[in-house]
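A short write-up of the structure that comes next.
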Amino acid sequence: MTTPTLLEMTAPLRDDFAIPYHDLGPAGERPALALVAGLHGNELNGIFVLSRLAEFLARVADGREPAHALRGRVVIVPAVNVLGVNTRSRRWPFDKTDINRMFPGYDAGETTQRIANAVFQATRAARYRVDIHSSNLDFEELPQVRLYEPSEDEKASALLFGLPAVIERRTDQVFTSTLGHAWRGAGGESFVIQAGRAGDLQLPHCERLFRALMAFLHHTGLVTGIDLAAEDQDTHYFGVDRTLSLVSDHAGLFVTHVQVGTWLQAGALIGEVYDGFSGERRAEVRAPTAGLLSGIRRQPLLYEGDLIARLQTRTPTGSEKQVKGQEQ
Amino acid sequence: MEILHDDIVSLALPYRETLRVQRTSFVGGGGPRVAVIAGIHGDELEGLFVCHRLAAWLEQLAASHPHALRGRVDLVPAINPLGIDTLERFVPVFDADLNRNFPGDAEGLLPQRIAAGAMAALSGAALVIDIHASNIYLREIPQVRIAEDFAATLVPLAQGMNLDLIWLHGAVTVLEATIAHSLNSTGTPCLVVEMGVGMRITPAFTEQLLIGIVNVWRTLGVLAPDLELPPPTHTPLVADDSNVHYLNAATSGLFVPDIEHWMAVRREQTLGRIVSPLHGGTLAAVRSPVDGILFTLREYPAVYEGSLMARIMAV
Ligand SMILES: [Zn+2]
């Protein structure tokens, strides 16, 4: 069987360019689930997990996993930005555009508009759609579902992944050009998942993400016979006013010992900022309130205003501010 | 006339250094204040040279006609100084397009702090001119780009800028985060000039624009009404989304144009070819879809399928 492709194109000198995908389960049906990763070529956790999941589902579909059955069509694109993966680039390497700023795309437009259009057309009809990201090189995210002005159905379904946090955010201007936003107009339910940090393959996050996708396949009835015996900890739902972004007032070197997924007490030490020339400690960064550490800075070089950490709180933070990263 | 130097933004870098967004101000009487900004993308240098030429012109004016400056002129030639210093289009480290971070946030990430500082420094001006130089891929004829929402205010100003083209375009949500949109929507007129090509300067375009800028300044009362200026030499055509045609590459290879920039072209005329360095033949001929004038021409020869090679305004 030949591998299906979303899009095929010539390239100036290397091999021709194609975006391969996995098309599993009953052919010709409307897809029940579409899973996309690697819109950014350096976000490897999602690519690894989706390729491993495709391997499992292919065995189920072929009858090589007799305890399981696949009940719907699943479309899996482990990596959209194929050349970006091969050249370790977040963006489309040729013209440096961000594919996730090109949606819904245009089939007669620029290269990345054509790529966006192909991804959107192949996934829009799916009942459930998931776009997986891994923040950027500087920041590590606890595996989490992000919802943008969700429907009631999406709020309920987001809990089925069993990830430690479901976090609601408001849409903004940048979000309107993403795949997650393009899907909103297509009916069905869509989810953005963040897991870990770009440029790295973090096995604990990958395992957590794999279990989350298996749990979703189980709860939606798409795959039967999945044993969720090793159930993960509780999922917490955080509304738009339950995110606190900690921002640095200082430039310098940032050091930290904390791990994402930890519940911090008010006043807990998150990290310290040092002057890289004099060696003096400039600041201590402490949790202003109790909360779940959903993201932490991993890049030590710190500018004024840089995001240091995100806390998810049980009570309203009083701050509606969303600090923008470049994470999706 | 007084000449002042200061910073509109000053931010500590992680190790010792300070990022400064520098401004030169020419202060005459109590008349209107205008500004010219450039270098929002670190690979666009045409506007930096325009600022140099305007500074030279104003320094000369201070010597020859010390009272002819009735208002104030601010030049901010490099809003993205880290990008210019490192030959990067975006804000280095943040990989952020500075012109998608407006109106900014004085307590946000570095690109947003720069944006907020620029907004504070420019708001209230009688006119801000934001000079862009396309990118490294495309060469543009000197033109002004105006969002239709602001056409009533901006087109009359743009008519006097001595450029070849005014391009009116419809609303695009992501463009709301540009400096021009942020200024125009809060009552400070801002004209976006596009000309030339990334990483180069085109002195002939600079001189053409300089004439337009000083004439518009005189009209606004920044310069004395009786100050003699070189008269404009260009009258712009007006393009919009209905008459602009895009030529995207049908295949990947090297684009070799057969025509010159800013030439009248006929429908079906061959504008160039896409060839492969591996073969002697032509992969694709590039033909004009309409009778018109070619105002964008690809400068960077390698193309991917879909790469823009030219824009033509039907006439
Ligand atoms: Zn991403």
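Below, read A as the first sequence line, B as the second, and so on, with proteins coming before strands; counting in each chain starts at 1. Here the structure is a predicted model, which is why all the values come from computation and not from measurement.
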Worksheet item: Side chain, backbone, both or neither: which part of A/L83 has a heavy atom under 4.5 Å from chain B?
Response: side chain
Worksheet item: With a cut-off of 6.0 Å (strictly less than), are more than 12 heavy atoms of other residues, nucleotides or ligands near CZ of A/R282?
Response: yes
Worksheet item: Considering residues, nucleotides and ligands other than B/E17, do more than 12 of their heavy atoms fall under 6.0 Å from its CD?
Response: no
Practice prompt. Determine the option with the most heavy-atom pairs under 4.5 angstrom with chain B, choosing from A/H250, A/Q299, A/Q113, A/R91.
Written response: A/R91
Worksheet item: Which atom pair, heavy atoms only, marks the closest approach of A/K96 to B/Y137?
Response: CG-OH, 4.4 Å
Worksheet item: Is NZ or CZ of A/R114 both nearer than 6.0 Å to the six-membered ring centre of B/Y304 and within 45° of the ring axis?
Response: no
Discussion item. Counting only non-hydrogen atoms closer than 4.5 Å, can you tell me which residues of residues 102-112 of chain A sit against chain B?
Written reply: A/A108, A/G109, A/E110, A/T111
Worksheet entry | Shortest non-hydrogen contact between A/L307 and B/L109, atoms and distance | N-CD2, 3.8 Å
Worksheet item: What is the distance from atom CG of A/D275 to atom CZ of B/R16, rounded to the nearest 0.5 Å?
Response: 6.5 Å
Worksheet, complete the sentence: Taken to the nearest 0.5 Å, the spacing of B/L13 CG from A/L301 CG works out to 10.5 Å
Practice prompt. Specify the closest pair of heavy atoms between B/L82 and A/Y303, including all atoms of both residues, with the distance to one decimal.
Written response: CD1-OH, 4.1 Å
Worksheet item: What closest approach, in Å, do B/S307 and A/F94 show between heavy atoms, and which atom pair accounts for it?
Response: OG-CE2, 3.8 Å
Worksheet item: CG of A/L7 to CD of B/E305: how many Å apart, nearest 0.5 Å?
Response: 7.5 Å
Worksheet item: Which region of B/A106, side chain (C-beta onward) or backbone (N, CA, C, O), has a non-hydrogen atom less than 4.5 Å from a non-hydrogen atom of chain A, or is it both or neither?
Response: neither
Discussion item. Which atoms of A/D95 are under 4.5 Å from chain B, going by heavy atoms: the side chain, the backbone, both sets, or neither?
Written reply: both
Worksheet item: Going by heavy atoms in the side chains, are B/P277 and A/L13 under 4.5 Å from each other?
Response: yes
Worksheet item: Heavy-atom distance under 4.5 Å to chain A: side chain of B/L278, backbone, both or neither?
Response: side chain
Item to complete: Would you check if the side chain of A/E304 reaches a backbone N or O of B/L11 as a donor-acceptor pair within less than 3.5 Å?
Response: no
Discussion item. Side chain to side chain contact (heavy atoms under 4.5 Å, CB included), that's the test. Do B/S252 and A/F17 meet it? Break it down for me.
Written reply: CA-CA 10 Å; B/S252 302; A/F17 165 64; over 6 Å; no
Worksheet entry | Heavy atoms from other residues, nucleotides or ligands near CZ of B/F150 exceed 12 (cutoff 6.0 Å) | yes
Practice prompt. Could you give me the CA-CA distance, side-chain angles and deciding distance for B/F94 and A/D306, then say whether side chain to side chain contact (heavy atoms under 4.5 Å, CB included) is met?
Written response: CA-CA 10 Å; B/F94 296 86; A/D306 272 346; 3.0 Å; yes
Fill in: A/S278 portion near chain B, given a 4.5 angstrom heavy-atom threshold
neither
